[in-house]
Protein chains: 4
Amino acid sequence: MEFDSNRPIYLQIADGICEQILQGKFKPGERIPSVREWAANIGVNPNTVARSYETLSDRGIIFNTRGIGFSVASDALDAILEEERRKFTEEELPAILRKAELLGLNLKELF
Amino acid sequence: MEFDSNRPIYLQIADGICEQILQGKFKPGERIPSVREWAANIGVNPNTVARSYETLSDRGIIFNTRGIGFSVASDALDAILEEERRKFTEEELPAILRKAELLGLNLKELF
Amino acid sequence: MEFDSNRPIYLQIADGICEQILQGKFKPGERIPSVREWAANIGVNPNTVARSYETLSDRGIIFNTRGIGFSVASDALDAILEEERRKFTEEELPAILRKAELLGLNLKELF
Amino acid sequence: MEFDSNRPIYLQIADGICEQILQGKFKPGERIPSVREWAANIGVNPNTVARSYETLSDRGIIFNTRGIGFSVASDALDAILEEERRKFTEEELPAILRKAELLGLNLKELF
DNA sequence: GTGGTCTAGACCACC
DNA sequence: GTGGTCTAGACCACA
């Protein structure tokens, strides 16, 4: 697996998990691979994957069962989409609109 | 001045200067404030501003005259616009459109 | 059965058994369910329940008879109450009162 | 500095910082010691202190200025008290009341 | 087996 | 100088 060096690996791993959830490869309620397994799989240090899982857990997308491992939360899909929509409408879209105006580009023409 | 902690301050400062050039506050051929002056103005370490000026200089937007300071290049506006328009239409806009579709958001409604 | 992830499950199970003894659901001298049975009942690994029983056994609340299983000790109620009351009045209550004062909360109002 | 082995060191460090803020030793807006400095001071690995600072940052109690270090948030005191009050009234107090009832203790007498 | 914590030490971007 | 990230490897509690 390859990573973009401009973004922390642990976040890119988390992104990847989210994507797999959105694509239905990891389903709500199901276990995801263990930290060690996934780390070996993608060739990074287990601590790095642990950090990815921890952030996903904080965001309510996966949860940990002691001694068992991490599983996809039942509302993971909603949580992810909700997160993304918020970021999009509150941050990315306004930024793009502002920039288009600054550059004198007419967005409607570009569609 | 406030900064987004997700992006290096020196780049945000450079962005700000580009914006002021686009808005006509700094005109081609004119000097811009000294590193020290600008740093004091926005409450930042002079090294940071120096780095901003350096990157702008690398991009041909400003230039340095020994003993004088930095001035706006004669073709600064074109340089900025060309650079930004390319990035915008080739990278940012397609990415945004793809994402909007992925999230099931209707862009036209959001305008 | 649901568990608080901040406290080991085996201790939470032990707490539950103590409670049932205090409530009279498990009476002194009577057998309690086997490790396997109880584990299946609450959906937990038998090892975990075994550990719960072990700690209760150490505290003199239940005892093991070879070939029979675990039973509630004759003085289990006293043992539990004595243990808990001491911990409560000497440790927990003073801590709570101290904290309430520190936070500027009036306990009497909160009842 | 000594630590209770039943609680992660990084959380105990965070607790200590909160206490110092409550006591006015670290004031809102002021810098707190750097990660490395504090780590050397209390004799733990810098990574451990970094984790403490990170959790405090997530909780809005301190904030990071790039290249400068961490400082106490302006509303740190409120944030801490708010956190503690919530934990107290929603978790600790109900637990204590429930336990008192189970033990047959009359709380009002104990005051 | 699982994840959680901690250490040691490295490299990096940024100020 | 600062913190952020990553690796390597250890030990532990828990299931």
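In what follows, every chain begins at residue 1, and chains take the letters A, B, ... in the order their sequences are listed. These numbers come from the heavy atoms of this one structure, side chains and all, not from hydrogens, waters or symmetry mates.
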Student: Only one of B:Ile9, B:Asp15, B:Leu11 forms a side-chain contact (heavy atoms from CB on, under 4.5 Å) with B:Ile13, so which one is it?
Tutor: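 Option passing the side-chain contact (heavy atoms from CB on, under 4.5 Å) with B:Ile13: B:Ile9.
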Student: With rounding to the nearest 0.5 angstrom, report the CZ to OG distance, A:Phe26 to A:Ser71.
Tutor: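 Answer rounded to 0.5 Å: 11.5 Å.
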Student: Spell out, as yes or no, whether a donor-acceptor pair under 3.5 Å connects the side chain of C:Glu92 to the backbone of C:Lys87.
Tutor: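 Looks like no, no N/O pair under 3.5 Å.
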Student: Want to settle it: does D:Arg36 or D:Arg51 sit nearer the 5' end of DNA chain E, counting the closest nucleotide to each?
Tutor: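 Mapping each residue to its closest nucleotide by heavy atoms, the 5'-most match is D:Arg51.
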Student: Tell me, please, the opening and closing nucleotides of DNA chain F, 5' to 3', among those with an atom under 4.0 angstrom from a non-hydrogen atom of chain A.
Tutor: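 Terminal contacting nucleotides, 5' to 3': F:dT5 to F:dA15.
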Student: With sequence neighbours left out, what residues match C:Arg36 under side-chain hydrogen bond (donor to acceptor under 3.5 Å, both in side chains)?
Tutor: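 For C:Arg36, no residue satisfies side-chain hydrogen bond (donor to acceptor under 3.5 Å, both in side chains) once neighbours in sequence are set aside.
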Student: Does D:Gly67 or A:Asn64 map to a spot on DNA chain E nearer the 5' end, using the closest nucleotide for each?
Tutor: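 Closest to the 5' end, via its nearest nucleotide, is A:Asn64.
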Student: Please give, in whole Å, the distance from E:dA13 C1' to B:Asn47 CG?
Tutor: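 The answer, rounded to whole Å, is 14 Å.
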Student: Using Watson-Crick or G-U wobble geometry with both distances below 3.5 Å, tell me the partner of F:dC14, or none.
Tutor: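 When the pairing criteria are applied, E:dG1 turns out to be the nucleotide that pairs with F:dC14.
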Student: With sequence neighbours excluded, tell me which residues meet side-chain hydrogen bond (donor to acceptor under 3.5 Å, both in side chains) with D:Glu90.
Tutor: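 Here the qualifying residues are D:Arg86.
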Student: When you match A:Val44 and C:Arg7 each to their closest nucleotide on DNA chain F, which lands nearer the 5' end?
Tutor: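 The answer here is A:Val44.
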Student: Can you tell me the distance, in whole Å, between the CZ atom of D:Arg66 and the P atom of E:dA13?
Tutor: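 Nearest whole value for this atom pair: 12 Å.
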Student: Taking D:Thr89 for the side chain and D:Arg85 for the main chain, is one N or O donor matched with an acceptor at less than 3.5 Å?
Tutor: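 Checking the backbone N and O of D:Arg85 against the side chain of D:Thr89, a donor-acceptor pair under 3.5 Å is found.
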Student: Given that C:Asn45 and A:Pro46 both sit by DNA chain F, which one's nearest nucleotide is further toward the 5' end?
Tutor: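 With C:Asn45 and A:Pro46 compared, the 5'-side residue is A:Pro46.
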